[in-house]
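Structure first, commentary second.
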Amino acid sequence: MKDSKVIKVDDGLAVTVPAEMAKRLQLTAGSQVELELTADHKLTLTRAQESPLTPTDPKYVAAVEHTMQKYGKALQMLAASDQ
């Protein structure tokens, strides 16, 4: 168990996650987490499951751009042979 600190952020509160725990959970700034308050007043934090990429997600755009750079000519040739 590690101690942590509650800090004020805007109109809410935030809990700091020790670096060692963040690394083990693969958390970085902006990571989504799930919080659950148990009946015995314990708070659990779980790394949220990543949702599938959407066409507006920068990771999706980067993956498409990479694919087009690598395979764009081959895809164009396949499309042309299909006509």
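The shown structure was predicted, so the numbers you read here are calculated from the model rather than taken from an experiment. Hydrogens, waters and symmetry mates are skipped; everything else that's a heavy atom, side chains included, is used.
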Going only through I, L, V, M, F, W and Y residues with side-chain contacts under 4.5 Å, is there a path from Leu75 to Val61? no
Can you give me every donor-acceptor pair (side chain of residues 26-45, partner residue at least two apart or in another chain, under 3.5 Å) with its distance?
| residue | atom | partner | partner atom | Å |
| --- | --- | --- | --- | --- |
| Gln26 | OE1 | Arg47 | NH1 | 3.0 |
| Thr28 | OG1 | Ser31 | OG | 3.4 |
| Ser31 | OG | Thr28 | N | 2.8 |
| Ser31 | OG | Thr28 | O | 2.9 |
| Thr38 | OG1 | Asp40 | OD1 | 2.4 |
| Thr38 | OG1 | Lys42 | N | 3.0 |
| Thr38 | OG1 | Lys42 | O | 3.2 |
| Thr44 | OG1 | Glu36 | O | 3.4 |

Heavy atoms only: give me the nearest Val17-Ser4 pair and the separation to one decimal. N-OG, 4.2 Å
For Pro18 versus Asp3, what's the shortest heavy-atom pair and its separation? CG-O, 4.2 Å
Quick one: pull up NZ in Lys2 and OG1 in Thr16 and give me the separation to the nearest 0.5 Å. 11.5 Å
Separation of Met1 CE from Met21 CE (nearest 0.5 Å): 8.5 Å
Could you grab the distance from atom CE of Met77 to atom NZ of Lys73, nearest 0.5 Å is fine? 10.0 Å
Say whether, by atom type as modelled, one donor and one acceptor occur between the side chain of Asp57 and the main chain of Lys59 under 3.5 angstrom. yes
Around atom NZ of Lys8, are there more than 12 heavy atoms from other residues, nucleotides or ligands closer than 6.0 Å? yes
